[in-house]
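For reference, the structure is listed below as structure tokens.
Computed from a predicted model, the values in this text were never measured in an experiment.
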Amino acid sequence: MRSDVDAFLCRLAQEFRPRTDESVGILLRYTRSELPEPWRYEEIAALAAEETAGHVVAFLDALEHGVDATEAAVPPQSLELARRFARSGVPISTLLRAYRLGHVALLQLIQAEVPGLTDDPELINAAAIRLMAAGFAYVDRNSARVVAAYQEERDRRLQRRLLLANEAGRRIGTTLDIGRTAQELADVGTDDFAGLVTVDLLVSVLDDEGAPPPSGPSPLRRVAQRSVPDDGTTEFPVPTGRTHTYPAESETARALATGTPVLHRVGASDSSYDERGGPARGDSHSVLLLPLVARGETLGLVQFFRTGNSPPFEEDDLLLAQEIAARAAVSIDNARRYTHERSTALTLQHSLLPRHAVEQSAVVAASRYLPSGSRAGVGGDWYDVIPLSGARVALVVGDVVGRGLRAAATMGRLRMAVRAFADIDLMPDELLTHLDDVVIRLQHEEGQDAGETSATCLYAVYDPVSRVCSLASAGHVLPAVATPPDGEGDAPGSRSAEFPEMPIGPPLGLGGLPFETVQFELAEGSLLALFTDGLIQSRTRDVDTARGVLRDVLAQGPESPDEVCDGLIAALLPERAVDDIALLVARTTSLDPDHVATLDLPSDPAAVAGARRFTSDTLTAWGLDDLSFTTELIVSELVTNAIRYGKSPIHLRMILQSTLTCEVFDANSTAPHLRRARTYDEGGRGLLLVAQLAERWGTRHSREGKTIWAEQALLTGDLFTAAD
């Protein structure tokens, strides 16, 4: 009976073979009706007919030649179809069901032919059993093979997806620059994934974070794009940096408006997709439109194009692109937020730093401020040049611990506090003590949540009359001092540069610890270099080496403070600065002895007349007779006040520079105050008169006593006369 069944099945296969094409069509229609999901993928539908025909032929061959169904060769189209199922993201259960449906339907078609070939019930029954056994053996064998092909392709694609996602995480967001981050996204997208990538960001996101949304299509700016091969031959419709919009009804605009990722097939007559973002030649056949969304806000749109003979995008590709775009969106948003905060902090910091050189004649100063390129943001470095009474000048450099807007704002508050304390002529150590109290108050005001407020500061005062420099440090790096040989300032390239030996006090904000003022005399033409630690800190060089380079530049460099600043920056600035740099270089001058007149006075009211005569004679010698009347009145009131309320010794000093300054020193530390005298009061009008006649007046204290001073402006003609 077995041989009869084999012969019958062989005959059955031969009789059925001419209807192969007809049976393939029936099988396809049946499978499509029962399982419509895979048929929406064009590449699956295109191969399904060929793959079904291959199975029919292979099964008929096994029946005709009596081959064991488990040994029948699997059609190559079957393995390729399984791979396409995997690439399209169709579940493996759908693939197996498609095989069961197809093979069961084929068995039904073949069994329908049996009654036409024999009426032997026993043969029909035996043939049916053999046919079903062979069919299920064939299905089982082929299912195992196609599942293996499906899984292999799926694993390969998952591995590729994982590798590309990891590569995107490694390469996107290496900097906090928006343009660079967008270009990194384009570069990663064109590495074995897409033929061309464009990145557009909303103009409102780039330029004005708080701008209201436009009423029409949102304008975008092309931030980055790249094609493969990136040989410069591709003509992009929108150049990088150009602002453009997509039509309101285009697929691109809808994806941007809804924030929904889209896999779009571009047909020959497709008018729903605007290809302005893609290749100018219009040969893209599939596009992934991915809105860049971070923290609930749409930043822009990235488009992945495949062109030419490359395979079209699939659903699995869309998932991978979504993961890459999500990573890139967060990096771009981080860069945008950092750029916005950094720009705001820089603007605030530059608005708080001196914009123009102050008018003073004690030093010739130049300064530089260089923000760091690190991700930490703008720091709180600052510098200042503050004119003081008596032709003196204060030089200040400070550094607030921390980064960003808070550090910049704190820097501004401390700089204003230093100016206020300088205005009352405090000694450097006393000024730092008061500034320390300010920092402690800021700590209490801001609370623990804001973090600890701390700062360093170096405050120096230079007097061109005595050529004495007084300075104190609150945790700040010491300045460098370069003096000309033999006290002469006309021998460039041979200065002696050193760091003064002096104690460094604690940083501001600790409280209760003392600061110390150090004084030393400077020759005319000496250079003072005050800086923050960013100038000498580097990952590739230790601090001692940097200090040596700084000394060499000061010793051998030019005379001009501007050129010295440039030389120090060129020699010490690291390739990538990790901290802000504030640099202040001052070349000292000394006041001509002929422009300083001093008189010692006894504590006797009769000395007032002698002070007036001394003033008149001095002004005559300086060619300033026009100022004699007002100056004599000022001097007489200041001297009278010192004799009446002060203590010996009493000194009168007159200084001629861009202004005329009269100073009276006495050993009493009690400060006078301005008051308005009543009608019948016999006194109390002296300082009021001084305030009316002088342009500026004030009191400064020292450890020996106090000095009351008054300044008068010189007319241009007076200044020329005095210079002669």
Side-chain angles (χ1 to χ4, degrees), residues 175-176 338 341-343 345-354 365-385 395-412 414-415 418 439 451-460 471 473-481 497 499 504-505 507-509 527-554 557 561-562 564-586:
T175 69
L176 286 172
Y338 166 79
E341 180 173 341
R342 178 179 173 82
S343 176
L346 276 174
T347 301
L348 174 62
Q349 192 170 45
H350 282 301
S351 68
L352 296 174
L353 290 173
S367 58
R368 299 289 186 272
Y369 171 75
L370 300 175
S372 73
S374 71
R375 298 186 177 191
V378 176
D381 295 21
W382 91 90
Y383 63 87
D384 210 345
V385 178
L395 306 174
V396 192
V397 170
D399 186 0
V400 175
V401 176
R403 299 285 179 179
L405 286 172
R406 179 173 174 270
T410 302
M411 176 273 288
L414 294 185
R415 178 173 175 256
V418 170
V439 174
E452 183 177 355
T453 301
S454 182
T456 65
C457 182
L458 180 71
Y459 185 81
L471 57 88
S473 170
H476 201 84
V477 290
L478 297 180
V481 180
F499 293 91
I504 299 178
L508 300 171
L527 288 176
L528 275 170
L530 288 70
F531 51 89
T532 54
D533 53 7
L535 184 67
I536 56 176
Q537 286 183 344
S538 172
R539 294 189 179 99
T540 59
R541 180 178 54 206
D542 61 70
V543 173
D544 289 336
T545 302
R547 283 160 59 98
V549 173
L550 191 150
R551 278 196 302 263
D552 293 341
V553 173
L554 287 178
D562 258 311
V564 173
C565 285
D566 293 337
L568 290 174
I569 295 297
L572 292 169
L573 184 66
E575 182 177 348
R576 184 175 180 82
V578 297
D579 196 3
D580 291 14
I581 296 173
L583 172 64
L584 178 62
V585 175

remark   = Scanning both residues in full, the closest heavy-atom pair of Leu508 with Cys457 reads CD1-CB, 4.0 Å
task = Could you tell me which non-hydrogen atom of Cys565 sits nearest to which non-hydrogen atom of Ser367, and how far apart they are?
result = SG-N, 4.1 Å
key: Where Ala455 and Leu414 come nearest, the two heavy atoms and their spacing   = CB-CD1, 3.7 Å
message = Please give me the minimum heavy-atom distance between Tyr383 and Arg415, naming the atom from each residue.
response = O-NE, 4.0 Å
remark   = CG of Leu573 to CG of Asp566, rounded to nearest 0.5 Å, is 11.5 Å
ask   = How many angstroms lie between CG in Asp580 and CG in Asp399, if you round to the nearest 0.5 Å?
value = 8.0 Å
Over-ring placement of Arg547 relative to Phe499, 6.0 Å and 45° cut-offs = yes
ask   = Rounded to the nearest 0.5 Å, what separation is found between the CG atom of Leu572 and the OG1 atom of Thr545?
value = 10.5 Å
ask   = What distance separates Leu530 CG from Leu478 CG, expressed to the nearest 0.5 Å?
value = 10.0 Å
note = To the nearest 0.5 Å, atom CG of Asp533 lies from atom CG of Asp381 at 7.0 Å
Full working for side-chain contact (heavy atoms from CB on, under 4.5 Å) between Ile569 and Leu535 = CA-CA 8 Å; Ile569 295 297; Leu535 184 67; 4.2 Å; yes
Test item: Arg368 and Asp562 side chains (from C-beta on) under 4.5 Å apart, heavy atoms = yes
ask   = Which heavy atom of Pro561 sits nearest a heavy atom of Ala365, and at what distance?
value = CB-C, 4.3 Å
request  = Identify which one of Ile536, Leu568, Ile581 satisfies the side chain to side chain contact (heavy atoms under 4.5 Å, CB included) criterion when paired with Phe531.
outcome  = Ile536
key: Thr532 OG1 to Tyr369 OH distance, which is reported to the nearest 0.5 Å   = 8.5 Å
remark   = Between Leu554 and Ala480 the two heavy atoms that sit nearest each other are CD1-CB, 3.4 Å
message = Looking at His476 and Pro507, would you say the former's side chain and the latter's main chain have a donor-acceptor pair under 3.5 Å?
response = no
inquiry  = Just to verify, which of Val585, Leu471, Leu395 counts as forming a side chain to side chain contact (heavy atoms under 4.5 Å, CB included) with Pro479?
reply    = Leu471
